[in-house]
**Q** 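Okay, here's the structure, questions in a sec.
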Amino acid sequence: MKTRRDFLQKLAAAGLALPVLSTMAKGSAMPILDTTPYDGPMLRVAIMGLGGYGSRVAEAMQDCKKARITGVISGTPSKIKDWQKKYNIPEKNCYNYSNFDAIKDNPDIDAVYVITPNALHREQVIRVAKAGKHAICEKPMALNAAEAQEMVDACKKANVKLLIGYRMHLEPKTLEIIRLRKEGKFGKILFFQGLSGFRIGDPTQWRLNKQLAGGGSMMDIGIYSVNGARYMVGEEPVWVTAQETKTDPVKFKDGVDETIQFQLGFPSGAVASCLSTYAMNNLDSFFLDGEKGFAELKPATGYGPIEGRTSFGELNFPHVTHQTVQMDEMAEMILNGKQPVVPMDGAEGLKDMKIIDAIYQAAKTGKKVPLSR
Ligand code: NDP
């Protein structure tokens, strides 16, 4: 896996590091590749759910300057042992799903990163908040807007932060397009297209279990187009329409969507046309069209490198490991109240859940569903 360390080493070897880094720092809100030494406070994080993505986050956090792993919460004792060794985690910072409320008495843990199946997020985040710790939660933050609202309320009541793992909100090419759009370079925005999908394998995995996933492709991958439509267009949608197709009802049972096409309408009159699917590969792109120009990201949301161009030229920013940047920036948000360019808090996650609820409703009823703002 490419890491920031690898990247910096390559740049240094090529004698390029400083020019590139200082160019990037200029005139952009990009929170990346800060090579200055850091001896300030660290965000001490316990990872909950030591699965595929939890492992990726942990690996990337090795390169963080402002965040580090100090604990784990897992239902699998053998994984706990492995992680203890790999990340030097003391026994007193290891928990399971029954006893993790005791983190409230653990001064080594500031925040818990919930990286478990979707259906578990609500209860786990609320318990983290009740333990007085900040919560970072993977997308989708919940199964629906009602659950998401409960999580936002619980964190507010406990006076802890709730952040959602929207790593694309910190991705350099994405941020550059947002900056250009805000500057009016593309003129009035007219259209967004988002394609988000992959062909899912193992039919027994939790992602295809309604109970644990809360739905199908829309919850897992379609959410990138929902979220992307909002940050690329720069408005909140006021209506949705949606159509569902299913070619394999055995693999994709009732309530588990295989493919949904959806459309969003924005107050300015801009529209979005998006596809979410578990049945096709090679679908990861965003296209934004305005009266004066366009922007394209392809791939748009994978782990990178993200590729992007606009009608004015290629976007040439170096690849960063998304999860390293995310955790360093989240440390700043939690410890110092830093505000990202595109919000990453519970309220932001709740907006996506409201839209996803409406997409499911529109697909089911065939009707245009208005969204309250
Ligand atoms: P995995 O199945 O790889 O891992 C989930 C882990 O959750 C398991 O390994 C297990 O860890 C724990 N777990 C607790 N209860 C259960 C249960 N009933 N069934 C299965 N696992 C359970 O999933 P991912 O890591 O891919 O996804 C986890 C979350 O992260 C999801 O919400 C997903 O949407 C999100 N995600 C986000 C990505 C992003 O780019 N932002 C990318 C991939 C996923 P343990 O054994 O330690 O208890």
Side-chain angles (χ1 to χ4, degrees), residues 1 46-61 69 71-84 86-87 89 94-100 112-125 127-128 135-144 147-148 151 163-171 174 196-198 200-228 256 276 278 284 299-304 306 320-327 329-330 344 348-349 352-353 356:
M1 187 175 69
I47 306 272
M48 181 187 292
L50 314 182
Y53 195 62
S55 302
R56 182 178 285 272
V57 168
E59 193 65 44
M61 281 182 72
I69 301 173
V72 287
I73 300 158
S74 167
T76 312
S78 59
K79 287 189 202 166
I80 296 183
K81 286 269 164 293
D82 291 348
W83 280 54
Q84 277 193 272
K86 193 164 179 190
Y87 299 115
I89 298 167
C94 299
Y95 300 87
N96 59 44
Y97 299 113
S98 308
N99 67 14
F100 78 81
V112 175
Y113 194 164
V114 175
I115 317 183
T116 54
N118 310 340
L120 309 178
H121 295 175
R122 184 197 72 95
E123 190 215 317
Q124 289 167 341
V125 163
R127 283 171 65 187
V128 167
I136 304 170
C137 181
E138 256 319 312
K139 46 55 59 179
M141 71 181 283
L143 298 190
N144 51 50
E147 283 195 4
M151 294 156 75
L163 299 175
I164 314 301
Y166 286 131
R167 60 188 163 77
M168 301 320 298
H169 292 199
L170 302 165
E171 195 282 317
T174 305
S196 301
F198 64 95
I200 199 161
D202 178 11
T204 65
Q205 63 186 289
W206 68 260
R207 281 182 166 77
L208 296 174
N209 172 343
K210 159 97 171 145
Q211 232 62 37
L212 285 170
S217 74
M218 182 56 61
M219 299 297 281
D220 190 39
I221 192 78
I223 190 170
Y224 284 99
S225 273
V226 171
N227 190 248
V256 179
S276 165
Y278 266 161
D284 179 14
T301 66
Y303 297 135
I306 299 300
V320 293
T321 302
H322 298 171
Q323 297 80 6
T324 309
V325 173
Q326 178 196 316
M327 293 312 290
E329 284 299 299
M330 284 187 163
M344 298 181 75
E348 171 77 7
D352 283 344
M353 294 317 304
I356 290 175

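In this chain, numbering begins with 1 at the start of the sequence shown. Counting starts at 1 for both ligands and their atoms, in listed order.
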**Q** Check for a donor-acceptor pair, side chain of T324 on one end and backbone N or O of A60 on the other, with a separation under 3.5 Å.
**A**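 Side chain of T324 to backbone of A60: a pair is present.
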**Q** Where's the contact between Q205 and ligand 1, heavy-atom distance under 4.0 Å: side chain, backbone, both or neither?
**A**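 Near ligand 1, Q205 shows nothing, with every heavy atom at 4.0 Å or more.
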**Q** I need the contact type for M219 against ligand 1. Using non-hydrogen atoms and a strict under-4.0 Å cut-off, is it side chain, backbone, both or neither?
**A**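 No part of M219 is near ligand 1 at this cut-off.
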**Q** Measure from the side-chain N and O atoms of N99 to the backbone N and O of N96, and report whether any donor-acceptor pair falls under 3.5 Å.
**A**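 Judged by distance alone, yes, a pair lies under 3.5 Å.
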**Q** Can you find an N or O of L120 that's nearer than 3.5 Å to an N or O of ligand 1?
**A**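 Between L120 and ligand 1 (N or O atoms, distance only) the closest approach is not under 3.5 Å.
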**Q** Under a 4.0 Å N-O cut-off, is there an ion pair linking D352 with K139?
**A**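 A salt bridge is absent here (no side-chain N lies under 4.0 Å from a carboxylate O).
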**Q** Is it the side chain (CB and beyond), the backbone, both or neither of W206 that lies under 4.0 Å from ligand 1, heavy atoms counted?
**A**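 Side chain only; the backbone of W206 stays clear of ligand 1.
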**Q** Please identify each residue that fulfils side-chain hydrogen bond (donor to acceptor under 3.5 Å, both in side chains) with Y95, with sequence neighbours left out.
**A**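 Here the qualifying residues are N106.
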**Q** Please identify which atoms of ligand 1 are closer than 4.0 Å to at least one heavy atom of K139.
**A**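 Those qualifying, in numeric order: 32 (O), 33 (C), 34 (O), 35 (C), 37 (C), 41 (N).
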**Q** Evaluating non-hydrogen atoms only, which member of S78, P117, G75 is closest to atom 21 (N) of ligand 1?
**A**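 Closest candidate by heavy-atom distance is P117.
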**Q** Of all the non-hydrogen atoms in the protein, which one sits nearest to atom 25 (O) of ligand 1, and at what distance?
**A**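 Heavy-atom neighbour on the protein nearest atom 25 (O) of ligand 1: Y53 N, 2.8 Å.
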**Q** What protein heavy atom lies closest to atom 4 (O) of ligand 1? Include the residue and the distance to one decimal.
**A**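 Here the nearest protein heavy atom works out to G51 CA, 3.3 Å.
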**Q** Just by modelled atom types, is the M168 backbone N or O under 3.5 Å from a matching donor or acceptor in the H322 side chain?
**A**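 Looks like no, no N/O pair under 3.5 Å.
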**Q** So which heavy atom in the protein is nearest atom 28 (C) of ligand 1, and how far is it from that ligand atom?
**A**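 Result for atom 28 (C) of ligand 1: I115 O, 3.5 Å.
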**Q** Considering only heavy atoms, which of I47, V72, T116 lies nearest to atom 29 (C) of ligand 1?
**A**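 Shortest heavy-atom distance from atom 29 (C) of ligand 1: T116.
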**Q** Say whether R207 and ligand 1 are in contact under the criterion: heavy-atom distance to a ligand atom below 4.0 Å.
**A**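 Flag set, R207 near ligand 1.
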**Q** Could you tell me whether Y224 approaches ligand 1 through its side chain, its backbone, both or neither, with non-hydrogen atoms closer than 4.0 Å?
**A**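 Just the side chain.
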**Q** For atom 30 (O) of ligand 1, what is the nearest protein heavy atom, given as residue, atom name and distance?
**A**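 Nearest neighbour among protein heavy atoms for atom 30 (O) of ligand 1, to 0.1 Å: E138 CG, 3.4 Å.
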**Q** Any idea which atoms of ligand 1 are less than 4.0 Å away from a heavy-atom of D220?
**A**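 Counting from 1, the qualifying ligand atoms are 34 (O).
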**Q** When you measure from the heavy atoms of H121 to every atom of ligand 1, does any distance fall below 4.0 Å?
**A**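 Distance cut 4.0 Å: H121 passes for ligand 1.
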**Q** Could an N or O of ligand 1 be found under 3.5 Å from any N or O of L50, whether backbone or side chain?
**A**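 Between L50 and ligand 1, an N or O pair is found under 3.5 Å apart.
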**Q** Show the numbers, then the answer: is there a salt bridge (Lys or Arg N to Asp or Glu O under 4.0 Å) between R167 and E171?
**A** CA-CA 7 Å; R167 60 188 163 77; E171 195 282 317; over 6 Å; no
**Q** Checking the side chain of T76 only, and the main-chain atoms of S78 only, is there a donor and an acceptor separated by less than 3.5 Å?
**A**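 Absent.
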**Q** Please list, in number order, the atoms of ligand 1 under 4.0 Å from a heavy atom of R167.
**A**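 With R167 as reference, the close atoms of ligand 1 come out as 39 (C), 40 (O), 41 (N).
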**Q** In terms of relative ring orientation, are Y303 and Y53 parallel, tilted or perpendicular, with 30° and 60° separating the classes?
**A**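 Parallel.
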**Q** Has Q205 got a side-chain atom pairing as donor or acceptor with D202's backbone, closer than 3.5 angstrom?
**A**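 Such a contact is found between Q205 side chain and D202 backbone.
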**Q** Identify the protein heavy atom lying closest to atom 32 (O) of ligand 1, giving its residue, its atom name and the separation to 0.1 Å.
**A**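 Ranking protein heavy atoms by distance from atom 32 (O) of ligand 1, first comes N118 OD1, 2.8 Å.
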**Q** To the nearest 0.1 Å, how far is atom 3 (O) of ligand 1 from its closest protein heavy atom, and which atom is that?
**A**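 Ranked first by proximity to atom 3 (O) of ligand 1 is G52 N, 2.7 Å.
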**Q** Which residue holds the protein heavy atom closest to atom 9 (O) of ligand 1, what is that atom called, and what is the gap in Å?
**A**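 Answer, as residue, atom name and distance: K79 NZ, 2.9 Å.
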**Q** Give a yes or no answer on whether the side chain of D284 reaches the backbone of P299 with a donor-acceptor pair at less than 3.5 Å.
**A**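 Judged by distance alone, no pair lies under 3.5 Å.
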**Q** Any donor-acceptor pair under 3.5 Å linking the side chain of K79 with the backbone of S74?
**A**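 No: the side chain of K79 does not pair with the backbone of S74.
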**Q** Please confirm whether the backbone N or O of V114 pairs with a side-chain atom of H121, one donor and one acceptor, at under 3.5 Å?
**A**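 Pair absent, no side-chain N/O of H121 close to backbone of V114.
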**Q** If you count the atoms of ligand 1 from 1 in the order shown, which ones are under 4.0 Å from a heavy atom of S74?
**A**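 Under 4.0 Å from S74, ligand 1 has these atoms: 45 (P), 46 (O), 47 (O), 48 (O).
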**Q** Kindly determine whether S196 and S276 satisfy side chain to side chain donor-acceptor pair (under 3.5 Å), including the steps that lead there.
**A** CA-CA 5 Å; S196 301; S276 165; over 6 Å; no
**Q** Who's closest to atom 12 (C) of ligand 1 heavy-atom-wise, of Y113, Y97, Y303, Y166?
**A**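 Nearest heavy atom to atom 12 (C) of ligand 1 lies in Y97.
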**Q** Closer than 3.5 angstrom, by distance alone: can the side chain of R127 be matched with the main-chain N or O of Y97 as a donor-acceptor pair?
**A**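 Yes: the side chain of R127 pairs with the backbone of Y97.
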**Q** Going by the order shown, which atoms of ligand 1 are within less than 4.0 Å of some heavy atom of T76?
**A**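 So the atoms of ligand 1 that pass are 45 (P), 46 (O).
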**Q** If the cut-off is 4.0 Å to any non-hydrogen atom of G165, which atoms of ligand 1 fall inside it?
**A**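 With G165 as reference, the close atoms of ligand 1 come out as 41 (N).
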